[in-house]
Protein chains: 2
Amino acid sequence: MLIPGEQELALELGCARTTVNRALRELAACGAIDRKRKAGTRVVSQRSQKVSADIPVIRLQVESRQQVYSFELRKQSHCQPPPQVALRMKLSAKDEALFLRTIHFADTRPFAFEERWVNTETVPMIMQADLEQVSANEWLVSQVPLSHGELQLSAIAASKTVARTLKIEDKSPLLKMERLTWLEGKSVTAATIYHVPDHQLRLEF
Amino acid sequence: MLIPGEQELALELGCARTTVNRALRELAACGAIDRKRKAGTRVVSQRSQKVSADIPVIRLQVESRQQVYSFELRKQSHCQPPPQVALRMKLSAKDEALFLRTIHFADTRPFAFEERWVNTETVPMIMQADLEQVSANEWLVSQVPLSHGELQLSAIAASKTVARTLKIEDKSPLLKMERLTWLEGKSVTAATIYHVPDHQLRLEF
DNA sequence: AAGTGGTCTAGACCACTGA
DNA sequence: CAGTGGTCTAGACCACTTT
């Protein structure tokens, strides 16, 4: 459904075009309308729900539950990522990256298990960071002005290794979160985080 | 970290205050800065990642996988919701609501199982809709201009009932999605959707 | 080629809110 | 109460894109 142009609406509503423009720009940001130069503005028919939410650093997730946060860096090495990861991060086969395996705790109980690859070409500074003190998660968020990223959520059954690490039963349902972030076309980090059962992720829209 | 006021920045950058205002407004929308009248504008220190995504109608999720969508309305009744649901939807104890139990299929295979309560006070029109033809999900999205909502994600083990319904193994890991939507302070619908294992939800930021 | 949205300017008044 | 952001106006030029 086509709606009148900005100029016409401004006349009709008795306000400046700038005002109409801003209103329509905001509606477009919400996904309610679709705008194209010359083609005009249309009401989106199959409106999908735009969700937006803050996904905080794990420490804050834990602390917001009034629990004490801590983490343990289980492994830290600079090596070649498996081809699947290299592909996702747009690394060439020979490139090395920083690998980190971390367990996050809430009040001494395991809360999440994280495996992360960091592109040291993009973020060389991280080699100087003391990742025993500040988790890579948090270091990256505070130090790197990232431009763009994606996040995949799924439910999986805990493997034996992960179950043992999180001290839960084998095959428990876990919320698996895969994040991939980019800085100006270069990959920054690829992380897979397994959350203990009962963990809830809340989003709003 | 406090940054200069709009007027000062406009001078510094040699542009109009309106332009600075717009830029800062957009940064605030991204969550990069925090603005308060009189207090000024601050760079947010613990930047959490703003995620945004379209969560399409289930039919479109299925069709985007090149599969044929269908659904089956298993139950439809107008009755009192359990207290827990009534509370979430801000219904009084005596209020009735429309209950719908739906199975969504992708190419004849179960794809998701949905239990939904619809507030018929807010959306009386739905009583006239033919929910065998168009799923409630889709009817609501197309008919109701909702203002606000929330979404909770978690991983759970399939109960026997759900497992049988989705034709999967008992205790398979499911992605559980609880949605609650509002229209001007009144609840519209509360839905719980269980997605088959391996279903992935993609978000971007 | 023409019409649409995108963006900017220079100026104004207002509402909130922290000092 | 004073300074900040929030919002509006009237006008201008530009860039894209469809016809």
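As a basis for the values below, the full set of heavy atoms in this structure was taken, side chains included, without hydrogen atoms, waters or symmetry mates. All of these numbers come straight from a predicted model, not from anything done at the bench. Per chain, numbering begins at 1; letters A, B, ... match sequence-line order.
To the nearest 0.5 Å, atoms CD (A:Glu6) and CZ (A:Arg17) are separated by 4.5 Å.
Per the geometry, CZ belonging to A:Arg25 stands 14 Å off C1' belonging to D:dG6, to the nearest Å. The nearest whole Å value for the distance from the CD atom in A:Glu26 to the P atom in C:dG6 is 13 Å. Atom CG of B:Leu13 and atom P of C:dA10 are 13 Å apart (whole Å).
Note: B:Phe99 and B:Trp117 have tilted aromatic rings, judged against thresholds of 30 and 60 degrees for the angle between ring planes.
Under the 3.5 Å distance criterion, with hydrogens and angles disregarded, a donor-acceptor pair is assigned to the side chains of A:Thr120 and A:His78. For the residue pair A:Gln200/B:Gln152, the side-chain donor-acceptor check at 3.5 Å is satisfied. Side chain to side chain, A:Ser92 and A:Asp95 meet the donor-acceptor criterion of an N or O pair below 3.5 Å.
Under the 6.0 Å cut-off for aromatic ring centres, B:Phe111 and B:His199 qualify, their centroids lying closer than that.
For DNA chain C, none of the residues of residues 2-12 of chain B falls under the heavy-atom distance limit of 4.0 Å. Listed by residue number, B:Cys15, B:Ala16, B:Arg17, B:Thr18, B:Thr19, B:Arg22 are the residues of residues 15-22 of chain B with a heavy-atom contact under 4.0 Å to DNA chain C. Remark: A:Arg35, A:Lys36, A:Arg37, A:Lys38, A:Gly40, A:Thr41 in residues 31-41 of chain A come within less than 4.0 Å of DNA chain C through at least one heavy atom.
Salt bridge absent: A:Lys186 and A:Glu121 never bring a charged side-chain N and a carboxylate O closer than 4.0 Å. B:Glu150 and B:Arg179 are not joined by a salt bridge, as no carboxylate oxygen comes within less than 4.0 angstrom of a charged side-chain nitrogen. Electrostatic pairing of A:Glu72 and A:Arg74 counts as a salt bridge here, judged by a charged N lying under 4.0 Å from a carboxylate O.
For A:Glu204 against A:Ala53, the heavy-atom pair with the smallest separation is N-CB, 3.9 Å.
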